[in-house]
Amino acid sequence: MKTPFAITLDAGSSLLNKTGSWRTERPVYLDRLPPCNHACPAGENIQQWLYLTEEGRYAEAWRQIMDDNPFPAVMGRVCYHPCEVSCNRGQLDEAVGINAVERFLGDQALINEWQMEAGAPTGKRVMVVGAGPGGLAAAYHLRRMGHEVTVYDASPQAGGMVRYGIPKYRMPREKLRAEVARIEQMGADLQLNTRIDDVIAARDEGKFDAVFLSIGAQLPKRVDIKVNGELPVLDAAIVLRNTELEEPTGLRGQVVVYGGGNTAIDVARSAVRLGAKSATVVVFEAREHMPAHEFEVKEAREEGVELICLRAIREVNGNQVTLEKLVPSEGRWPQPTGQFETITADVVVQALGQNVQTDLVDTISGIKVAEGAVQVGTDMQTGCPGVFAGGDMIPSERTVTTSIGHGKKAARNIDAYLRGITYDAAEQHELVTFDMLNTWYYSDAPRTVRPMLSVMRRQSGFAEIVGNIDQDNATFEARRCMSCGNCFECDNCYGVCPDNAVNKLGPGMRFKFKYDYCKGCGLCVSECPCGAIKMTPEEI
Amino acid sequence: MPQIPESHQKVRFYQTGTLTVGNRLLDAEHRSVQGTMDRSNSLDSGHRACQGCGEALGARFAIDAAMRATNNQLIAANATGCLEVFTTPYPETAWSIPWIHSLFGNAAAVGAGIAAALKAKGREDVRVIAQGGDGGTTDIGFGCLSGMFDRNDDVLYICYNNEAYMNTGVQRSSATPGGARTATTMPVGKDPGNAFNTGKSVPLIAMAHLIPYVATASVHDLHDLEHKVTKAMGIHGARYIELFVPCPLGWGSKPSDTVKISRLAVECGLYPLIEAEHGELTGVTKIRRQVPVGEYLKLQRRFAHVLKPANAHQLEQLQAIANRNIKKFSLIDEQGGQE
């Protein structure tokens with residue numbers, strides 16, 4: 001080519017100059033584990049279903065929940081949402097209202113009658129004992145995997161403690177019924193009013209290939225209180241069960257509840273609704289160490305429930321209950337002081353927790369029971385091959401969500417057992433901490449507050465007290481999610497690269513580095529809002 | 001009271017609003033040019049700027065926005081300086097636009113000449129940008145620039161301000177801030193670094209020329225920057241935009257901190273983002289989360305001495321400048337912050 005005077009080279013593009021060779025560190029895209037997902041006892045991919053909700057893709061978001069948890073409408077009401085406690089947004093302003101969004105999605109599914117499908121039949125049969133959250137979750141997942149499932153429960157209705165332990169004002173029964181019905185529609189066979197006394201015999205008779213036990217912990221724990229006179233001393237679990245069955249509860253007049261957990265609060269709040277003159281909760285621990293959740297205590301007090309902390313019930317004389325004052329100590333428990341006082345009561349309810357009724361498992365050879373709980377391996381299998389267990393009957397947190405998580409994990413391991421393989425859980429990604437985020441980029445957005453029923457109406461009936469958030473609010477709340485550790489395609493890396501060394505691949509496809517030109521400055525890592533890029537040393 | 005620029009409209013219900021480069025939840029009209037897959041990449045890969053160069057970033061932001069605004073009918077004249085050197089080492093060019101290298105001091109005059117030639121040829125569709133660093137603009141090219149303003153030539157002049165002569169080895173310019181270390185203002189003696197109460201504000205001088213449009217912008221606030229460039233390209237006559245572009249080499253900062261430093265300069269009040277039309281202040285970008293100047297200074301070695309106890313008076317002087325800017329330009333609402 002002929003070039004002008006004094007010009008010896010053709011003009012070329014700088015693209016000939018591969019500046020990638022300058023680099024000592026390279027940025028790489030990665031997915032990290034958001035703290036909400038990490039904290040979820042049911043292993044939900046919360047960040048992903050919030051992402052779908054942000055775009056108004058509610059059905060897909062719901063299906064994402066259903067991959068892990070068949071009870072979004074129940075979860076949105078009774079889950080104690082450890083996800084929100086661990087939410088990184090909590091360190092910026094307030095945690096994302098994940099629970100409210102889950103409830104919205106769960107209710108959308110019920111309104112629109114979204115269904116899930118059973119898997120292709122495998123010909124294997126699984127027996128589930130206990131139609132509580134753990135047993136039903138296992139049945140659901142096993143149906144999705146194509147196994148036949150029969151669930152046995154001694155009670156007249158399915159739901160376990162969700163039905164017989166959690167009052168209606170927190171868990172409306174029609175929602176529970178609808179979510180259980182959905183599992184039945186997938187082909188799970190529910191045998192209610194059927195008590196199983198001999199698991200092995202029932203398994204052999206029904207030609208089941210595996211068993212999942214999830215009978216919960218139903219034996220009330222009691223302390224011996226010396227009662228002089230006729231004052232009734234009841235058990236919380238039985239009182240709540242009778243409330244559900246609409247049978248006489250014995251709650252009347254001045255009700256004294258003994259215990260500091262959520263069950264004690266549930267009993268006291270039920271007593272208010274059943275027309276008791278007063279409801280007083282006697283708590284062993286100091287106020288700040290009560291095991292009950294703070295919001296439940298707050299709501300109970302709004303409804304007129306009284307709290308007496310650092311007291312132990314020592315004896316009952318007629319309608320006088322003697323309390324000993326306690327003082328906090330360095331150790332686990334408060335110490336007695338030798339000082340006493342009395343309060344008046346018409347009925348005392350013990351709400352000190354429940355034990356596992358072990359006579360069912362005692363008949364099964366190989367099963368080990370230690371400290372009142374059935375022991376299982378990491379695969380949820382008991383010492384008896386093919387018999388798995390989960391929920392409150394194994395050592396655990398004893399929450400609904402934990403049991404649902406057990407059901408899922410057991411189903412996966414039962415599936416592997418039935419196929420003669422071992423189930424290997426996918427390796428967890430690195431957890432995202434707050435310092436990995438660049439929170440400058442998130443709009444200031446305060447949390448949406450869920451409407452509450454007025455105190456007057458709460459005192460007079462069992463109507464659900466926490467209201468729904470509407471579609472706008474649910475979307476708004478979902479959009480407060482910071483998408484920790486997972487790219488949400490904000491284009492920051494694509495935009496802030498001084499070397500134009502990032503390719504945008506298009507909606508849903510994310511980005512790709514042009515390593516030929518990336519100089520390794522790390523601006524993309526600094527300016528990624530959600531911590532989804534990291535620098536790794538080059539091999540030189 | 002100056003108005004909040006349109007680029008900062010509060011968009012409810014969106015995870016990140018307009019703070020990120022893109023946002024899949026935003027309407028198309030609120031999305032940035034840099035977030036689009038078909039942006040022109042006027043300044044392409046393979047240029048030889050340092051890692052994390054604020055000027056390279058700012059130039060692509062500004063010229064891509066101008067290309068979009070002019071339907072890709074754009075010619076740029078470029079003063080000598082880093083931007084010219086790192087983009088066009090013979091025989092390569094990183095520019096994908098018609099681009100002319102002028103002398104160090106005459107980019108404004110060359111731009112004015114191109115505009116005059118286009119006018120003579122009747123080409124109203126092609127627009128002109130002249131650009132340079134702060135040395136080529138505030139010192140060496142200042143006479144030509146003032147002349148361009150004076151004649152109201154139809155040119156947008158963009159000054160990439162990194163507060164010293166970086167290409168030649170970090171010498172002081174009239175845009176170097178008080179206290180800063182450069183090769184010619186070493187941190188020695190009682191008042192180390194660059195002397196206070198020296199230098200000049202070219203945006204304010206440009207306003208004094210009563211030209212149609214003057215603005216300052218920063219590489220940390222892309223939507224604001226693109227809004228200003230787009231607005232400037234919609235106006236005829238002499239226009240001036242100054243972009244704040246951190247220089248990791250000259251400032252002694254981490255390449256990965258370029259955007260952060262830019263953000264802190266604005267958030268502490270030392271670099272106010274303003275808009276003015278015909279000499280009147282018409283807009284300011286409010287401070288969102290105010291920080292003390294120390295937060296900005298501590299990321300840069302050129303200010304390391306300022307943070308030593310012996311030089312506390314320098315820190316106070318810099319904070320006083322920031323406070324004065326905040327007051328003068330109403331950078332903070334009485335309610336506190338932009339949102």
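Chain letters run A, B, ... following the sequence lines, proteins first, then strands; residues in each count from 1.
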Visitor: Among B:T80, B:T88, B:T87, whose side chain to side chain donor-acceptor pair (under 3.5 Å) with B:H101 holds?
Guide: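 Exactly one candidate clears the test, B:T80.
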Visitor: Among A:L505, A:N492, A:V525, A:T19, who wins on heavy-atom pairs under 4.5 Å with chain B?
Guide: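 Looking at each option in turn, the highest pair count goes to A:N492.
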Visitor: Determine whether the aromatic ring centres of residues B:F86 and B:W95 are separated by less than 6.0 angstrom.
Guide: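 No, too far apart.
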Visitor: Taking every heavy-atom pair that is under 4.5 Å apart, which of B:R48, B:K260, B:K254 has the most such pairs with chain A?
Guide: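 Answer, by heavy-atom pair count under 4.5 Å with chain A: B:R48.
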Visitor: Is it true that A:N468 and A:R103 share a donor-acceptor pair across their side chains at a distance under 3.5 Å?
Guide: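 Result is yes, a qualifying pair exists.
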Visitor: Counting heavy-atom pairs closer than 4.5 Å to chain B, which one of A:C493, A:S13, A:G522, A:G20 comes out on top?
Guide: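 Among A:C493, A:S13, A:G522, A:G20, the one with the most close pairs to chain B is A:S13.
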Visitor: When the ring centroid of A:F104 is compared with that of A:Y58, is the distance short of 6.0 Å?
Guide: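 Yes, close enough.
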Visitor: Quick check for you: among B:M37, B:E92, B:R263, which has the greatest number of heavy-atom pairs under 4.5 Å with chain A?
Guide: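 That would be B:R263.
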Visitor: For chain B, which candidate among A:E55, A:M535, A:K514, A:E489 shows the most heavy-atom pairs at distances under 4.5 Å?
Guide: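 Answer, by heavy-atom pair count under 4.5 Å with chain B: A:E55.
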Visitor: Counting heavy-atom pairs under 4.5 Å with chain A, which one of B:H220, B:E55, B:Q34 comes out on top?
Guide: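 Result: the option with the highest number of such pairs is B:Q34.
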Visitor: Do you know which of B:G35, B:G54, B:S45, B:P255 has the most heavy-atom pairs with chain A at a distance under 4.5 angstrom?
Guide: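 That would be B:S45.
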Visitor: Would you check if the distance from the ring center of A:F513 to the ring center of A:Y29 is below 6.0 Å?
Guide: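 Yes.
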